[in-house]
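What follows is one structure encoded as structure tokens, with my remarks underneath.
Residue numbering restarts at 1 for every chain, and letters A, B, ... go by the order of the sequence lines.
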There are 2 protein chains.
Amino acid sequence: MSNTSWIENKLKENGCKLTEQRRLIIKFFEAEPGHYTAQEVFEKVKGICSKINFSTIYRNLELLCNMGIIKKLDIESGISHYELNKPGHHHHVVCKGCGDMKEIDICPCETIANKELKAMGFQATEHKFEIYGYCRNCSKK
Amino acid sequence: MSNTSWIENKLKENGCKLTEQRRLIIKFFEAEPGHYTAQEVFEKVKGICSKINFSTIYRNLELLCNMGIIKKLDIESGISHYELNKPGHHHHVVCKGCGDMKEIDICPCETIANKELKAMGFQATEHKFEIYGYCRNCSKK
DNA sequence: ATTCATTTTGCAAGTCATTTGCATTTACAT
DNA sequence: ATGTAAATGCAAATGACTTGCAAAATGAAT
Ligand SMILES: [Mn+2]
Ligand SMILES: [Mn+2]
Ligand SMILES: [Zn+2]
Ligand SMILES: [Zn+2]
């Protein structure tokens, strides 16, 4: 009766093996919700399993993305962030000062975009909405 | 009395020199409005000025971005697109089938996001809003 | 517990877009 | 025509990410 998360069950169901590395990556996302780069995941897991390799991180991040367990965010040009894939969806407010990423639930598609899309015969599958600027702390110089 | 564009004037005002390469890059964006990768700009300009180098393309794209003449778009993970920076701003609807990028003028910030941002004391400077999916042609399989 | 097919890993090397250092060339004010 | 700052071409470097492959680990079947 280990405290196996739904994630680990989902992996098993799909014929994936539960390696220490994989467990640690998952545990990290579950224990410290946030938006992380592959580098950050690597460093965190490396603290516990020092033999882990970067390619293992990438391979597992991709696997977890494909299974819908985590989500890849292209917030910053040239570097991906990953977050646990919560039900529903949300958008981000990103501070260019401290890098903090807050989440917002307002969604442009529900309110304004959908009718425009229908008019142009476009089948939308996903969308991105991010706001950049300075948070309260960073803007008070 | 050459038909010098406002862009070339702006460059001169800032002490930039008008090289053939620079002129050609600008002319391309003006003559064929669209959303281009550095590669695409390179190929187009190379057709006229065969000695042009990729680093010249990148250096000029950055320069033109910094001067607000063109805009860098991070639509696709890992590859930047550039477009002429029109007055006002707009957003994009991107077809995952044919790659076509249509522009839309509806803006989530004007209608919904601004009050939320004010409430959280966030000073927004920019935002991104993109919709992905399949255009009329691509979705009729 | 042992066996074994299959999956996963570590490692090293490879991509690919973009950047950088530097010697040479070019633009343009004088 | 000259001088100087700016820009270019070239080659090498970067940095995030990917891939091939032999060795190791997992877990289902004995
Ligand atoms: Mn989030
Ligand atoms: Mn556009
Ligand atoms: Zn949304
Ligand atoms: Zn907008």
Take atom CD of B:Gln123 as the centre, draw a 6.0 Å sphere, and report whether it contains more than 12 heavy atoms from other residues, nucleotides or ligands.
no
Between B:Ser139 and B:Cys135, is there a donor-acceptor pair closer than 3.5 Å when you use the side chain of the first and the backbone of the second?
yes
Check the distance between C:dC28's P and B:Glu13's CD and give it to me in whole angstrom.
14 Å
Hey, would you say the B:Tyr82 and B:Tyr36 ring centroids sit under 6.0 Å apart?
no
Audit row: A:Lys128, A:Asp74, side chain to side chain contact (heavy atoms under 4.5 Å, CB included) steps and yes/no
CA-CA 9 Å; A:Lys128 225 191 265 191; A:Asp74 295 314; 3.8 Å; yes
Length of the CG-P vector between A:Leu24 and C:dG10, whole Å
11 Å
Parallel, tilted or perpendicular for A:His90 and A:His92, by the 30°/60° rule?
perpendicular
Please report the distance, rounded to the nearest Å, between CG in A:Leu18 and C1' in C:dT7.
12 Å
Generate the contact string for nucleotides 13-26 of chain C. Rules: B means base contact, S means sugar-phosphate contact only, - means no protein heavy atom under 4.0 Å.
----SBBBB-----
Side chains of B:Glu130 and A:His127: does their closest heavy-atom pair fall under 4.5 Å?
no
When you list every nucleotide of DNA chain D with an atom under 4.0 Å from a heavy atom of chain B, which one comes first 5' to 3', and which comes last?
D:dA5 to D:dC10
Side chains of B:Thr37 and B:Phe42, heavy atoms from C-beta outward: is any pair under 4.5 Å?
no
Show, in sequence, the C-alpha distance, side-chain angles and deciding distance for B:His35 and B:Glu103, and conclude whether the side chain to side chain donor-acceptor pair (under 3.5 Å) test is met.
CA-CA 10 Å; B:His35 309 86; B:Glu103 308 193 333; 2.9 Å; yes
